[in-house]
Amino acid sequence: MSSALLEELRARGLIFQIAGEDELAGWLDGGSRTLYCGFDPTADSLHIGSLVPLLMLRRFQLAGHRPLALVGGATGLIGDPSFKAQERQLNTADVVSGWVEKLKRQVSQFIDFEAGENSAEVVNNLDWVAGMDVLTFLRDVGKHFSVNAMIQKESVKQRIEREGSGISYTEFTYMILQSFDFAELNKRYDCTLQLGGSDQWGNITGGIDLTRRLNGNQVFGLTMPLITKADGTKFGKTESGTIWLDAKKTSPYAFYQFWLGCADADAYRFLKYFTFLDVAEIDAIERSDAERQGRPEAQAVLAQEVTRLVHGEAGLSAAQRITESLFSGSIEALSKDDLAQLRQDGLPASSIVRAAFPDTLTQMLTDAGMAASGKQVKDALGRNAVTVNNRPLGWDDNARVDACFDPGEALHSRYYLVRLGKKKYHLFDIE
RNA sequence: GGAGGGGUUCCCGAGUGGCCAAAGGGAUCAGACUGUAAAUCUGACGCGAAAGCUUCGGUGGUUCGAAUCCACCCCCCUCCA
């Protein structure tokens, strides 16, 4: 009646709700169980919002259970309405199937496929949904759902009740499709537990009901809390947008920086959510941070652990190398190889020929992606917040691009490290 | 099919003929303070170095002048049939 795993998860704050709470602990202790969590292809990469469930699958696997990562090739074509304010734009089948392939690979790095008895597996719900005809769906699946019950679900309520929005029949059906996944996985893999974010509660309980009706089996559901930030802003977004798991979309350096920059008030909680460090260990860090004046250690540990999980040891050291040289090292000390390496490692960079210089710095830095508009560059220049190889520039320099990138000041005769504000760096390789 | 309500700059949301590139809030960016924090304060926040140019669902029209008025169209919501 006491599952050590559930206790551990509870201590980490990773459990929001459990369906079948009284029996779940005993069920998990009774043997190796199969569980799943779904990931819908809504982009060509997952973002850090999916990290908690991914790591959750791993936590269960480490505890001896068998994780299935479901990639929603079918559900991704429909769109989950849960707690969404608006109807979503449908993506074409081609696009979605391309994303499915990418997500399959991505999801695979977090779970172990060579674990013997409890080896993980990746499944795609398109495999059992694509071939189903409408009448079978309506008669065999739809018949088990009460619309009265469905419209009571919190996840769609706001769409139904809120003035100025609505929900299409397509999205309304999403819940049924996801429920069917659970029943199908129960039948095919003896899967008895579904994990998901707290927004998935309605879909999960739908699946539990359907599995009982279709297969006569009792199955369980567990949701994780929504990740919140102490300041109330949305987790996982920054100035530069979403933090993706794909290194091509968010470099390991940017990823590392994201975690390094998280608020003190969030850091210890995030350590519990996003790392495999012991709770006791995390508490110890929190205590020692509290006793010490100045900068806490938590963010550094967090950044290190999560970056290693997502980008591996190589990605982590690249991120740390860049961070080290930009924020604590002196850039003059960087060798030519170091600079080339930084660029390789994901430091934003661009190559430009001297003859092709734009007329203004605002143009040049905007083109390089350092700022969203010339206005921002203008503002920064006006406050001496732009430096080239540590030399501050002013608004007067805006039209003097050549002088700003004086050959005599180049690092190794071609590199210029431009900084805008405190944190934004860009390496220009100028010929 | 009928009746009504609505589509404003990233988001929310004012604005109902000139004073509107469009209040206010949020988000975001920069500065000060700091720890590459938080809180706070300051500035910016359609594009453009500037002159200037382009916005208020779309297309036309009225007017010296429109986000605001008119016509038609598209989309969304609510209720009725």
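Letters A, B, ... mirror the listed sequences (proteins, then strands); counts begin at 1.
- Between B:G52 and B:G5, the distance separating the two P atoms is 42 Å to the nearest Å.
- Residue contacts shown for A:A399 are absent, as no nucleic acid heavy atom lies under 4.0 Å away.
- One finds no side-chain N or O of A:K423 lying less than 4.0 angstrom from the OP1 or OP2 phosphate oxygen of B:G35.
- Nucleotide B:A14 forms a pair with no other nucleotide shown, judged by Watson-Crick or G-U wobble geometry with both contacts under 3.5 Å.
- Rounded to whole Å, atom C1' of B:A37 lies 11 Å from atom OH of A:Y268.
- With hydrogens and angles ignored, a donor-acceptor pair under 3.5 angstrom links the side chain of A:Q257 to the base of B:U36.
- Between A:K229 and A:G294, it is A:K229 whose nearest contact on RNA chain B lies nearer the 5' terminus.
- A distance of about 42 Å separates the P atoms of B:A27 and B:A71, rounded to the whole Å.
- Aromatic ring centres of A:F274 and A:F235: separated by under 6.0 Å.
- Base pairing of B:A32: its partner is B:U40, meeting the Watson-Crick or G-U wobble criterion (both donor-acceptor distances under 3.5 Å).
- When the P atom of B:C29 is taken as reference, atom CG of A:D379 falls 12 Å away, rounded to whole Å.
- Comparing the C1' positions of B:G2 and B:A66 gives an interatomic distance of 32 Å, to the nearest angstrom.
- Between A:F428 and A:H426, the ring-plane angle classifies as tilted under the 30° and 60° cut-offs.
- Judged by distance alone with a 3.5 Å cut-off, no donor-acceptor contact links the side chain of A:N384 to the base of B:G31.
- If you take atom P in B:G25 and the same atom in B:C73, they sit 40 Å apart, rounded to whole Å.
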Task: Annotated protein contacts, base or backbone, on nucleotides 46-53 of chain B with a non-hydrogen cut-off under 4.0 Å, one of B, S, - each - done: -BBBS---
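- Regarding A:L381, its CG atom lies at a distance of 13 Å from the C1' atom of B:C29, rounded to whole Å.
- Pairing of B:C79, defined by two Watson-Crick or G-U wobble distances under 3.5 Å, is identified with B:G2.
- Near-neighbour residues of RNA chain B inside residues 147-156 of chain A, defined by a heavy atom below 4.0 Å, are absent.
- Taking atom P on both nucleotides, B:G26 is separated from B:G43 by 14 Å, rounded to a whole Å.
- The aromatic ring centres of A:Y425 and A:F327 sit less than 6.0 Å apart.
- Among residues two or more places apart in sequence or in another chain, the side-chain hydrogen bond (donor to acceptor under 3.5 Å, both in side chains) test is passed with A:E184 by A:R188.
- The pairing partner recorded for B:A49 is none, the criterion being a Watson-Crick or G-U wobble arrangement whose two distances lie under 3.5 angstrom.
- Remark: the A:D289 side chain and the A:Y268 side chain contain an N/O donor-acceptor pair separated by less than 3.5 Å.
- Judged by distance alone, the side chains of A:Q341 and A:D337 never bring a donor and an acceptor atom under 3.5 Å apart.
- Of the residues near RNA chain B, A:L420 and A:D264, the one whose nearest nucleotide (by heavy atom distance) lies more toward the 5' end is A:L420.
- Nucleotide B:A71 has B:U59 as its partner under the Watson-Crick or G-U criteria, with both atom distances under 3.5 Å.
- Shortest non-hydrogen contact noted between A:V96 and A:G76 is CG2-O, 4.1 Å.
- Taking 3.5 Å as the limit, the base of B:U36 and the side chain of A:K424 contain no donor-acceptor pair of atoms between them.
- The distance from atom CZ of A:F258 to atom C1' of B:U28 is 15 Å, rounded to the nearest whole Å.
- Ring geometry for A:F405 versus A:F357: interplanar angle of 30 to 60°, hence tilted.
- Across all strands shown, A:Q293 has no heavy atoms under 4.0 Å from either base or sugar-phosphate atoms.
- Neither OP1 nor OP2 of B:U34 sits under 4.0 Å from any side-chain N or O of A:R295.
- Donor-acceptor pairing under 3.5 Å is lacking for the side chains of A:Q200 and A:Q194.
- In this entry B:A22 has no Watson-Crick or G-U wobble partner, no candidate having both defining distances under 3.5 Å.
- Across the C1' atoms, B:U36 and B:C53 are found 38 Å apart, a figure rounded to whole Å.
- With a 6.0 Å cutoff to the six-membered ring centre and a 45° limit on the axis angle, A:R343 does not count as a cation-pi contact of A:Y415.
- When every heavy atom of A:Q61 is checked against every heavy atom of A:A120, the shortest pair comes out as NE2-N, 3.5 Å.
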